[in-house]
A.B. asks: 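Below is a structure I'd like to ask you about.
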Amino acid sequence: MLLLTTFAVSLLSGLVPVVSIEVYLGGVAAATDAAGSPARVAALALVAGVGQTLAKVAWYLLAARSMQSRRLQRKLSQERWRLAYERWHGRIAGRPVLTIAVLLASACLGFPPLMIIAVVAGSLRVPLSIYVPTLLVGRTVRFWLLLAGVGWFAAAL
């Protein structure tokens with residue numbers, strides 16, 4: 001039941017920025033013995049990572065689809081907007097290592113904010129074959145560190 005709840009909260013928090021998966025996981029680690037078992041910590045972190053990744057894929061797809069809207073096409077027909085878009089697309093499209101580094105930093109550290117990166121990645125059409133696994137690894141590592149850290153701290157008290 002805990003894994004299912006964790007998945008639901010992580011999916012919701014990935015879609016609605018005011019819901020915090022970090023607060024939820026911190027509470028789980030502090031209030032239960034979940035952090036006492038390395039396998040349980042890994043399972044919770046992975047489930048939370050999957051939920052967050054699915055939510056960020058939804059944001060990615062919405063952004064990618066919005067690139068076809070009339071309003072955005074009008075903006076991109078203006079030279080200033082078109083040049084800015086082309087500049088960022090050129091930076092990302094030709095540098096998969098940089099793309100992975102930015103995605104991983106955002107997924108692990110939260111900087112730059114993952115919600116913004118998800119939208120930018122969708123707009124710039126970062127390949128899903130890079131986007132999804134990078135986010136999954138980054139979010140899972142972030143959540144594992146959080147669960148293990150809070151669990152260790154709670155056990156020390």
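Not measured: the values here are computed from a predicted model.
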A.B. asks: Quick check: do Gln52 and Ile21 have side-chain heavy atoms less than 4.5 Å from each other?
C.D. replies: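 In short, these two side chains touch, coming nearer than 4.5 Å.
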
A.B. asks: Nearest 0.5 Å, what's the CG-CE distance between Leu3 and Met1?
C.D. replies: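 Interatomic distance, Leu3 CG to Met1 CE, rounded to 0.5 Å: 11.0 Å.
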
A.B. asks: Taking Ile116 as the starting point, is it possible to reach Met67 by hopping between hydrophobic residues whose side chains are less than 4.5 Å apart?
C.D. replies: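 Yes, one cluster joins them.
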
A.B. asks: What pair of heavy atoms forms the shortest contact from Trp59 to Ala118, and how long is it?
C.D. replies: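 Looking at all heavy atoms of both residues, the shortest contact is CB-CB, 4.1 Å.
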
A.B. asks: Nearest heavy-atom pair of Val126 and Thr99: which atoms, and what distance?
C.D. replies: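 Minimum heavy-atom separation between Val126 and Thr99: CG1-CG2, 3.7 Å.
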
A.B. asks: Is any side-chain heavy atom of Phe7 closer than 4.5 Å to a side-chain heavy atom of Leu54?
C.D. replies: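 Side chain of Phe7 against side chain of Leu54, heavy atoms only: contact under 4.5 Å found.
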
A.B. asks: So, the side chain of Ser106 versus the backbone of Val102: is there a donor-acceptor pair under 3.5 Å, distance only?
C.D. replies: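 The answer is no, because no donor-acceptor pair under 3.5 Å joins these two groups.
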
A.B. asks: Starting at OH of Tyr131, measure out to CD1 of Ile117 and round the result to the nearest 0.5 Å.
C.D. replies: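 Reported to 0.5 Å precision, the distance equals 9.0 Å.
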
A.B. asks: What's the shortest heavy-atom distance between Pro96 and Ile130, and which atoms?
C.D. replies: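 Taking Pro96 first and Ile130 second, the nearest heavy atoms are CB-CD1, 4.2 Å.
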
A.B. asks: What heavy-atom pair brings Leu44 and Leu2 nearest, and what distance separates the two atoms?
C.D. replies: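 Result for this residue pair: CD2-CG, 3.9 Å.
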
A.B. asks: For a side-chain contact (heavy atoms from CB on, under 4.5 Å) check, start with the C-alpha distance between Lys56 and Met115, then their side-chain angles and the critical distance, and finish with the verdict.
C.D. replies: CA-CA 7 Å; Lys56 299 308 178 190; Met115 179 70 75; 3.7 Å; yes

A.B. asks: With rounding to the nearest 0.5 Å, note down the distance linking OG1 in Thr53 to CG in Leu136.
C.D. replies: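 Taking OG1 in Thr53 and CG in Leu136, the distance rounds to 4.5 Å.
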
A.B. asks: Quick check against the 3.5 Å criterion: does Thr32 have a side-chain atom that pairs as donor or acceptor with the backbone of Ala29?
C.D. replies: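 Not confirmed, Thr32 side chain does not pair with Ala29 backbone.
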
A.B. asks: Check Leu147 against Val41 and note the closest heavy-atom contact, atom names and distance.
C.D. replies: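 What the structure gives for the nearest pair is CD1-O, 3.8 Å.
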
A.B. asks: Locate the shortest heavy-atom distance separating Ser13 from Val19; write the atom from each residue and the value.
C.D. replies: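 That would be CB-O, 3.0 Å.
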
A.B. asks: Under a 3.5 Å cutoff, is there a donor and acceptor pairing between the side chains of Tyr24 and Thr6?
C.D. replies: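 Yes, Thr6 and Tyr24 have a side-chain donor paired with an acceptor closer than 3.5 Å.
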
A.B. asks: Using a cut-off of 6.0 Å, state whether more than 12 heavy atoms not belonging to Glu79 lie near its atom CD.
C.D. replies: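 Check fails, neighbour count at 12 or below.
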
A.B. asks: Checking Thr5 against Val28 for the side-chain contact (heavy atoms from CB on, under 4.5 Å) test, could you report, in this order, the C-alpha distance in whole Å, the side-chain angles of both residues, the deciding distance, and whether it holds?
C.D. replies: CA-CA 11 Å; Thr5 304; Val28 166; over 6 Å; no

A.B. asks: Show, in sequence, the C-alpha distance, side-chain angles and deciding distance for Arg139 and Glu22, and conclude whether the salt bridge (charged side-chain N to carboxylate O under 4.0 Å, His left out) test is met.
C.D. replies: CA-CA 11 Å; Arg139 293 315 269 178; Glu22 288 84 1; 3.5 Å; yes

A.B. asks: Can you get from Phe153 to Val23 by hopping between Ile, Leu, Val, Met, Phe, Trp and Tyr side chains that sit under 4.5 Å apart?
C.D. replies: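 Per the 4.5 Å side-chain linkage, Phe153 and Val23 are not co-clustered.
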
A.B. asks: Any side-chain heavy atom of Leu109 sitting closer than 4.5 Å to one from Leu104?
C.D. replies: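 Of all side-chain heavy-atom pairs linking Leu104 with Leu109, none is under 4.5 Å.
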
A.B. asks: Are any non-hydrogen side-chain atoms of Trp144 and Leu46 less than 4.5 angstrom apart?
C.D. replies: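 Not touching, per the 4.5 Å side-chain cut-off.
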
A.B. asks: Atom CG in Leu12, atom OG in Ser20: separation rounded to 0.5 Å?
C.D. replies: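 Those atoms lie 11.0 Å apart.
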
